[in-house]
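First comes the structure, then the notes that go with it.
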Amino acid sequence: MTAPATTAASAAVRITVEGREISVAAGTTILEAARQAGVLIPHYCYHPGLPIAGVCRMCLVDVEKAPKLAPACATTVSEGQVVNVHNEKAREARKGVLEMLLINHPLDCPICDQSGECELQDYTWHEGRADSRYREAKRFNPVEDFGGDVLYVPNRCILCTRCVRFMDDVAQDSVLNVSERGDRAYIGTFEGRDLTHPWSGNVVDLCPVGALLSKDFLNKARAWELDRTASVCSGCSQGCNIMIETRDNQVMRLKPRSNESVNGWFMCDEGRLGYRWLNRRDRLEHPSILGARGHESVAWDVALAAAARVLRGKRAFVLASPFLSNEALHLLSRVVRKTGGTGTFRVATGPEAPLAGAADLSLRADRAPNGAGAALVGFSRRESPLEGLMAGDCLIVADHELAEGDAQLAAAASAVIVIGTNMPRGLSRADVVLPIGNYSEEEGTYTNLRGRVQRFLQARAAPGLARPSWFVLADLLQAIGEDAPFLSPRDVFAELAAGNTALTGLSWERLGLRGLPVIAEPAVVA
Amino acid sequence: MGFPHKPHPRETLVLSSHFGDRDALSLDGWRKRGGYKALEQALAMDPVAIQQVVRDSGLRGRGGAGFPTGLKWSFMKLGDGKPHYLCCNADESEPGTFKDREIMRWTPHALIEGCAIAAHAIGAETAYIYIRGEFTEPLEVMEAACREAEQSGITGRNAMGTGRTVNVWVHKGAGAYICGEETALMNSLEGKRGNPRIKPPFPAVSGLFGMPTTINNVETLAAVPHILQRGAEWYGKMSHPDNPRSTGTKLWSVCGNISRPGNYEVEMGFPFGEFLQELCGGAPHGRRIKAVIPGGSSVPLITWAEAESATMDYEGMVAANTMLGSAGCIVIDDAQSIPKVVARLARFYAHESCAQCTQCREGTAWTTKILERMCDGNGTHEDFETLRSIADNMTGKTICVLSDSCAAPVLSALERFMPEFEALITRREIHAVPVVVS
């Protein structure tokens, strides 16, 4: 990523931070060394994904034998250094910085979106003054719409310049700057430009205070009301690691979760703001079968038995969604194999939008998270996926939307089973409908375009009687006489890994929350 | 074009010997006065030998820090295969200082010669003279002189026929005080916002365009030709008998409540009290000098008692609890209110802070607001403790020394003129005698 270059020397340097001795690579900064030793040095302008600025002066530490306090973010370690983070001298300096940061700050935490996840709040609570000695009028600047999803509240700004450095060095589109001088300074946009950039939303995450806010999230929820769940973005095949933040079973926002192997600290705006479909209300909530008066809700075992019945003696033609997990796709591929059928999928595409300053990070043209996973278990990618559907086939549409021409082709099928979150257009004649959860409602894994398998966790409950996809498909396999004794998606993955050489050795535990690459690039199966 | 005053007999004219002499402006005029002989001599010398002569002379940086010039030059690794740069700091913005302006106005070729010699001594082929934006007249003079020097082959690809390249460029700043800080100056030269950089790396390792760079003040560079021509020993002798560490002559800009303001050139170690009373004529209208800021507004303010017995060199000023700085001497007489002076100085720093470091950005403005509120008669006794505490937070904790410079006059004034501040709070009045105009 764009982490500041450290000298290539591999030599180890031994230093003592807060009484803890630690050995780090030469060229490491005191701040990073302390982090490795388990000591947090308070900081604002420093961010591991950005060049060093050294301007907030919050990370001042007392290095023994040095005449002045040293900025930990900009000072490299040297042999035998003894660093004091929490002695009187360093604490007083930070207290001074905190007081100064607050003199022009409106202290409007009760109406600020950042409240609860604000570093200014946190550090002031930890070691700031209880009162202010500031008796003068505060500086005032009006709120500004920066464009994109970003709103700027200059009164809360501490001018750490993280946003400016992100746009300059990571997005490499120098839109932001520090305008004016002294305490009149504020973050400005260049004349005639605004933050309309596919990755601009990251400045909101980078902002340690409530100065840069997401318009989408504005006044929507308080940070402490949110439940956070580790997940993977489903917006494209990059597979950015994210947090799904929910309140009352509703997804409120998505935030990037750092993973240096995939997305660093960032995610694109399209992924970030593309979460509303997760909260859709018009969901399939009950298993149903087609009766005399249209679809009738039935119990799960009745629906599964009906599905097995319509499938009996037919070739299964499975149209699977690249939004399904590896586990669901694996079980679907077993249905295909069992009946000697066909498995296809289609991936919607859009313009690519790379993040210039980050290696191999882009909003990918393939706007689905698991095309690689579908290919890995034997599904074939097609522009017109229903071509080749023969009369007498049983069409299984697994969470896939139908496009214009698809409905006519689907007419050839003698039976239709829908397994999905919503009813696909033009399939009102489906014989059996089995409702499943979307990716925020179940656990599973995705395989990104580089063949990295990454887990996502369940963030919320599925509506009505909808069940996790792996659960439904395991039951369906049982119903058609297959052995599928799975108690969890972990078991499904274990079977998948055991049977697929590309995944040999991978397990749920080994994947952890950061994922692992498959052994080879996923072979494209025709 | 304002003319300088007639030199006082006790002055030692080296740099200022041609101030007011219009004929010295042109290349021919300058050659007639012995110009460019030192450069000719230098170009025939080994760079290390030049460094040694400057080292032996004891010349120290005239911009304020007083760092030994020869030593600074020796940090440049000759023959490392990288382009070296020389920057001449002509962004003379320190309140009270106007010596470099006179050097550029009257003796532009002295500066070009100094730049060319220094560039050769540090292995640089390019020298930039960074002139502050407000200096429109010196800028014109310097640009004309640079053109002349290049056209006549003194500078350029074949400097004085020696085959060496010495390019001297004039760059106009946009008028920001902070661009006089060496790393901010380099950022500004590179076309960036003039923000100071974190040191290390120091300019000699990574300076202008990331290359080894030396940056010297105008007065420092202008002194180099004289040292080369007349010898290190001659220069080294101009010092206080008890203090050989400050050598040569120093230009003092004197302004404020003084009878004869202007630039004065005296030898290092000259008695400060005599200087102010005899050479500069003391306070005007029969008033008395109350306080002096001897080295430009960034140094601590001292009382007349402290100033009277001080000697005018780097060590002498430190002994008098202040600093030589850029030798921009601001004289304050008993008709002035010290809190008002300090409030005005603080306002300057608040205006000029580059806004990078928290303590400086907020501290300078806060200090100003408190002092101005005091001057308006709304101060409280708590303010003193707050001012001291802010000043403490502003000292030694930032990237550059601008915030230290704001804290120094405040702390020194609080220490020395507390009764005046007290009077503001208890009696809500500005303590000063009325101004008498004779």
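Since this is a predicted model, take the numbers as computed values, not measurements. Order of the sequence lines sets the chain letters (A, B, ...), proteins ahead of strands, with each chain counted from 1.
- If you measure heavy-atom distances from A:Leu60 to chain B, the contacts under 4.5 Å come from the side chain alone.
- Along residues 122-147 of chain A, the residues that come nearer than 4.5 angstrom to chain B, judged on non-hydrogen atoms, are A:Arg133, A:Tyr134, A:Arg135, A:Glu136, A:Ala137 in order of number.
- B:Cys354 contributes atom SG, which lies 9.5 Å from atom CZ of A:Arg181 (distance to the nearest 0.5 angstrom).
- Residues of residues 386-399 of chain B lying under 4.5 angstrom from chain A, judged on non-hydrogen atoms, are B:Thr386, B:Ser389, B:Ile390, B:Asn393, B:Met394, B:Gly396, B:Lys397, B:Thr398, B:Ile399 by number.
- Counting heavy-atom pairs closer than 4.5 Å to chain B, the top residue among A:Ala185, A:Ala70, A:Cys56, A:Cys45 is A:Cys56.
- When the heavy atoms of residues 182-190 of chain B are compared with those of chain A, none of the residues falls under 4.5 Å.
- Taking both residues in full, the closest heavy atoms of A:Gly54 and B:Ile198 are given as CA-CD1, 3.6 Å, listed atom of the first, atom of the second, then distance.
- A 6.0 Å sphere centred on NZ of B:Lys82 holds no more than 12 heavy atoms belonging to other residues, nucleotides or ligands.
- Interface summary for chain A: among B:Arg193, B:Glu385, B:Glu352, B:Glu382, the most heavy-atom pairs under 4.5 angstrom belong to B:Arg193.
- Annotation: B:Lys77, atom NZ; neighbour count of heavy atoms from other residues, nucleotides and ligands within 6.0 Å does not exceed 12.
- For A:Leu101, the parts lying near chain B are the backbone and the side chain together; criterion is any non-hydrogen pair under 4.5 Å.
- More than 12 non-hydrogen atoms from other residues, nucleotides or ligands lie less than 6.0 angstrom from CZ of B:Arg197.
- Per-residue counts of heavy-atom pairs under 4.5 Å with chain A were compared for B:Ser353, B:Pro200, B:Ala350, B:Ala176; the largest is that of B:Ser353.
- Contacts between residues 358-372 of chain B and chain A, defined by a heavy-atom separation under 4.5 Å, are made by B:Thr358, B:Gln359, B:Arg361, B:Glu362, B:Gly363, B:Ala365, B:Trp366, B:Lys369, B:Ile370.
- With a 4.5 angstrom heavy-atom cutoff, A:Ser174 does not touch chain B via any of its atoms.
- Taking SG of B:Cys357 as the reference point, atom CE of A:Met58 lies at 14.0 Å (rounded to 0.5 Å).
- Chain B forms more heavy-atom pairs under 4.5 Å with one residue of A:Asn177, A:Thr76, A:Thr75, A:Ile103 than with any other, namely A:Ile103.
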